[in-house]
Amino acid sequence: MTLGVEEEYLLIDPATGFPVPEAERTRAAIGGVPTAGGDEVQLELLQVQVEIATPVCVGLEEVADHLKRLRGSLDEAARSAGCRIAASGSAPFLGPDPVPVTDRPRYRMLSREARQLVDEQLINGMHCHVAVPDRAAGVAVLNRLRPWLPVLGAMGANSPMWEGQDTGFADWRTVVFDRWPVSGLPPRFADAEDYERRVDALLATGVITDRGQLYWRARLSENYPTVEVRALDTQLEVEDAVVFAGISRALVTTALEEEKADVPVPDLPDELLRIADWHAARHGLGGTLVDPFAGRSRPAADVVGQLLEHIGPALARLGDEGRVTSGVERILNEGTGAERQRRAMREGGPEALTRLLVERTAAG
């Protein structure tokens, strides 16, 4: 069960916290850093963002090592361009100057089609790729992941701030992303043929131009034999990212095992999953979460416990149980990234929040 992780970061001025358009210079500088190759660092939609991708990994310690290496190398390159990297799901502050779009044909097209959405796409996610045997198995996994994606997003919430203000949401990135035409939780598919047929129908409308615009919380990768779990904000701490990579892999493993054992797929109403997803983005772990199986709100810690019980056997077989469960306990006790951002803002204002993002992103 191999896996890989992609993380998107902001480039910010360490004095003001404002995003700075230095992605080209930062990526160019990474060539002078011996611990990271240029193919592991990519440009993103806006020139204030960069993305890293780990190699294929077989264990969580390998994921941790690559994330530490890449974050450290990228931050060193960013310093040479006069900025720092910040692992926040949203840009907490916005300077007076427009944010430029990266000069690539696809990005220019998106800007022409939805200029305001692109201008406000100051959001960063963590994407976890988990290997699956084939696309048929991948579609079966997607169907079984749907009930768990809202709680996963709540646990990884790290985007409470927007333009210097608290949005009132723990996961504002999800709200911003859901304005695109194909977004939110993936629908339930009959099989792989149904997946391909319905995706082709979306493309035939001309509203989206390629499969990269399938912005579901989980989808099949078009480049790798993986399911791509996209429900998470970029994580403030490396260890948080490692924990969620472990949870994502265990969810996929459990789904594959249930499919093989002919366990019935949960038949849950789309509207119930939608309200669970919205509620998770609103509150994170700061109150209740909707239990879609029971159809009611429960204490967040109880729903998290239900998730851990669901994936517990897979975690044990993968050797990840101790690391994941202790990491989840730490997040429940210390708070999500969103709660840590809010504490910093409350206790020390913009300067303290900027310092938190800069220091914790590259720590380790």
Side-chain angles (χ1 to χ4, degrees), residues 1-8 39 42 51 53-59 63 106 125-150 152-153 177-178 180-232 244-268 270 273-274 277 310-311 313-315 317-318 320:
M1 289 298 296
T2 56
L3 73 165
V5 172
E6 299 166 341
E7 288 190 318
E8 299 162 342
D39 59 336
Q42 301 296 329
E51 180 183 48
T54 71
V56 176
C57 302
V58 297
V63 172
R106 184 172 185 272
M126 170 189 166
H127 307 151
C128 186
H129 288 260
V130 183
V132 290
D134 50 46
R135 291 180 76 82
V139 170
V141 167
L142 292 180
N143 288 338
R144 295 176 184 277
L145 286 183
R146 296 170 73 233
W148 303 107
L149 294 173
L152 187 62
F177 230 145
D178 279 359
W180 291 95
V182 184
S183 57
L185 298 173
R188 181 172 173 174
F189 300 99
D191 50 32
E193 290 73 21
D194 183 43
Y195 181 94
E196 299 299 336
R197 183 170 54 251
R198 290 163 69 178
V199 169
D200 286 343
L202 292 173
L203 291 166
T205 67
V207 175
I208 63 171
T209 58
D210 57 51
R211 293 179 176 228
Q213 290 179 266
L214 302 175
Y215 297 138
W216 290 316
R217 303 277 193 278
R219 68 185 184 187
L220 299 186
S221 172
E222 299 301 322
N223 300 315
Y224 310 103
T226 64
V227 166
E228 182 184 1
V229 180
R230 302 166 48 88
L232 292 151
F244 291 124
I247 292 174
S248 298
R249 180 165 68 163
L251 278 169
V252 172
T253 302
T254 301
L256 289 170
E257 292 171 347
E258 288 185 339
E259 183 69 14
K260 185 176 181 180
D262 290 327
V263 175
V265 178
D267 186 14
L268 302 173
D270 288 343
L273 292 177
R274 167 62 184 160
D277 198 42
H310 174 69
I311 63 175
L315 286 174
R317 284 192 294 277
L318 292 163
D320 298 339

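All values below come from the heavy atoms of this structure, side chains included, with hydrogens, waters and symmetry mates left out. Numbering starts at 1 and runs along the sequence shown.
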Roughly how far, to the nearest 0.5 Å, is the CD atom of E51 from the CD atom of Q42?
-> 7.5 Å

Closest heavy-atom pair and its distance - S221, N223 | OG-N, 3.1 Å

So how far is it from I208 CD1 to L214 CG, rounded to the nearest 0.5 Å?
-> 5.0 Å

Salt-bridge contact R197-D194 (side-chain N to carboxylate O under 4.0 Å) | yes

Test item: E8 side-chain N/O and G125 main-chain N/O as donor-acceptor pair under 3.5 Å | yes

Distance col, row E258:CD vs R144:CZ, nearest 0.5 angstrom, shows 5.0 Å

Kindly say whether L273 contributes a backbone atom to a donor-acceptor pair with the side chain of R146 at under 3.5 angstrom?
-> no

Does a salt bridge link R211 with E196, judged by any charged N lying under 4.0 Å from a carboxylate O?
-> yes

Minimum heavy-atom separation for P133 to L256, with atom names?
-> CD-CD2, 4.1 Å

One should read off an interatomic distance between S183 OG and R230 CZ, to the nearest 0.5 angstrom, of 10.5 Å

Can you check whether T226 reaches V132 side chain to side chain, under 4.5 Å on heavy atoms?
-> no

Tell me, with the steps shown, if V227 and L142 meet side-chain contact (heavy atoms from CB on, under 4.5 Å).
-> CA-CA 8 Å; V227 166; L142 292 180; 4.0 Å; yes

Atom pair CD/SG of E7 and C128 - distance to nearest 0.5 Å | 10.5 Å

Of all heavy-atom pairs between A218 and L149, which one has the smallest distance, and what is that distance?
-> CB-CD1, 4.0 Å

Can you tell if the side chain of D210 reaches within under 4.5 Å of the side chain of R106, non-hydrogen atoms only?
-> yes

Euclidean distance, D134 CG relative to L220 CG, rounded to 0.5 Å = 10.0 Å

Within-4.5 Å side-chain heavy-atom neighbours: L145 and P186 = no

Quick one: closest heavy-atom pair of V252 and A131, and the distance?
-> CG1-O, 4.4 Å

Qualifying salt bridge (charged side-chain N to carboxylate O under 4.0 Å, His left out) pairs, either residue in residues 248-257, two or more places apart = R249-D320, E257-R317

Among residues two or more places apart or on two chains, list those pairs meeting ring pair (Phe, Tyr, Trp, His ring centres under 6.0 Å) that have a residue in residues 186-206.
-> F189-Y195, F189-W216

Show your working on side-chain contact (heavy atoms from CB on, under 4.5 Å) between D267 and R188 and close with a plain yes or no.
-> CA-CA 9 Å; D267 186 14; R188 181 172 173 174; 3.6 Å; yes

So do the side chains of R217 and D277 get within less than 4.5 Å of each other, counting heavy atoms only?
-> yes

Can you label the angle between the H310 ring and the W148 ring as parallel, tilted or perpendicular, going by 30° and 60°?
-> parallel

Heavy atoms, side chains only, cut-off 4.5 Å: are D178 and R274 in contact?
-> yes

Keeping the roles fixed (side chain from T54, backbone from V5), state whether a donor-acceptor pair exists under 3.5 Å.
-> yes

V141 side chain near V130 side chain, heavy-atom distance below 4.5 Å | no

Hey, are the side chains of L152 and L232 touching, using non-hydrogen atoms and a 4.5 Å cut-off?
-> yes

R135 and E193 ion-paired at < 4.0 Å = no

